[in-house]
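Written below as structure tokens is the structure these notes are about.
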Amino acid sequence: MKHIIWLLCFAFLFNCAGEKIMVREAAKGNGYIIGTLTIASAKPRFESFWLSIKSEERQKGVLGRRNGISIRRSSRHYKMADKRVYLFIKELQAGNYEFFNFDFSYGYVSYDLKEEFSIPFTVEEGAVQYIGDLTFYPFFNDKGNTLVISNQWKRDLEAFKEKYPRLNWPNVKEMTLEKGEVNEIIIDFIEEVK
């Protein structure tokens with residue numbers, strides 16, 4: 001009975017918290033990366049989207065493809081014109097990493113790139129680093145790209161402050177991803193969209 005009461009209390013507190021999420025300081029030896037995943041569709045048809053991460057020390061295929069940044073269509077987001085914008089924050093051990101693939105699922109069917117790519121980034125101990133906005137175009141953009149990475153810090157800052165009020169926002173480092181070994185037809189890097 002005690003367990004049920006504690007679960008009910010926790011559920012009540014969780015529901016009362018609303019949008020605000022309290023993030024603790026990173027564990028010793030860790031840091032945070034933050035950014036946005038924008039879906040260029042007001043009503044996306046897929047269930048989930050995954051951007052796979054592996055550390056520099058790992059061989060291809062050793063780390064599961066499901067390790068990385070993920071969103072579900074039903075996750076909290078804000079709308080901007082015909083897009084959905086999802087905020088993400090991920091704690092990682094300090095070191096060098098790379099994004100190497102992405103996939104999305106619809107029901108029991110999963111789609112992914114056949115060729116992996118490499119977009120490197122570094123996580124600094126105790127730091128909070130903004131890596132940019134990753135805009136996913138389910139049906140390609142006008143240049144034929146599926147994923148476009150850009151700096152949208154000015155656009156997203158207030159939403160981040162509201163959702164994660166305890167982070168040390170004046171010390172967040174803007175480290176938008178700018179390059180990698182990619183197929184430019186699929187992935188592109190652009191400057192901040194005004």
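Nothing here was measured: the structure is a model prediction, and the numbers come from that model.
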If we only count heavy atoms from C-beta on, is the F100 to S52 side-chain gap below 4.5 Å?
yes
For [X] and [Y], work out which heavy atoms get closest and say how close.
X    : Y    : result
K83  : A40  : CG-CA, 3.9 Å
I149 : I131 : CG2-O, 4.5 Å
F88  : I69  : CE1-CD1, 3.2 Å
S150 : Y130 : O-OH, 4.2 Å
K179 : P120 : O-CD, 3.7 Å
L177 : F121 : CD2-CB, 3.6 Å

Kindly determine whether L134 and T38 satisfy side chain to side chain contact (heavy atoms under 4.5 Å, CB included), including the steps that lead there.
CA-CA 6 Å; L134 304 113; T38 300; over 6 Å; no
Are Y164 and V172 grouped together when hydrophobic residues (ILVMFWY) are joined by side-chain heavy atoms under 4.5 angstrom apart?
yes
Determine whether L92 and L37 fall in the same hydrophobic cluster, where Ile, Leu, Val, Met, Phe, Trp and Tyr are linked whenever their side-chain heavy atoms lie under 4.5 Å apart.
yes
Any chance you could measure [X], atom [atom1], to [Y], atom [atom2], to the nearest 0.5 Å?
X    : Y    : atom1 : atom2 : answer
K90  : L51  : NZ    : CG    : 10.5 Å
K154 : E174 : NZ    : CD    : 8.5 Å
F102 : I53  : CZ    : CD1   : 14.5 Å
I89  : F160 : CD1   : CZ    : 7.5 Å

Let me know which of T122, I119, I33, V123 forms a side chain to side chain contact (heavy atoms under 4.5 Å, CB included) with Y97.
V123
Let me know which of T135, D133, T176, L157 forms a side chain to side chain contact (heavy atoms under 4.5 Å, CB included) with Q152.
D133
Can a side-chain donor-acceptor contact be found between E91 and N30 if the only test is distance below 3.5 angstrom?
yes
Go through the side-chain N and O atoms of D156 and T36 and say whether any donor and acceptor fall under 3.5 Å apart.
yes
Audit row: R84, Y86, side chain to side chain contact (heavy atoms under 4.5 Å, CB included) steps and yes/no
CA-CA 7 Å; R84 290 182 179 206; Y86 298 84; 3.4 Å; yes
Around atom CD of E181, are there more than 12 heavy atoms of other residues, nucleotides or ligands at under 6.0 Å?
no
Tell me if a side-chain donor or acceptor on N151 pairs with a main-chain N or O of W153 at a distance below 3.5 Å.
yes
For the side chain of E125 and the backbone of G29, is there at least one donor-acceptor N/O pair under 3.5 Å apart?
yes
Are K173 and E124 close enough, and set up right, to give a side chain to side chain contact (heavy atoms under 4.5 Å, CB included), and what steps lead you there?
CA-CA 10 Å; K173 297 181 178 183; E124 298 175 12; 2.4 Å; yes
F117 ring center near F99 ring center (under 6.0 Å):
no
Assess whether side chain to side chain contact (heavy atoms under 4.5 Å, CB included) is satisfied between Q129 and I34, documenting all intermediate values.
CA-CA 6 Å; Q129 299 162 243; I34 64 171; over 6 Å; no
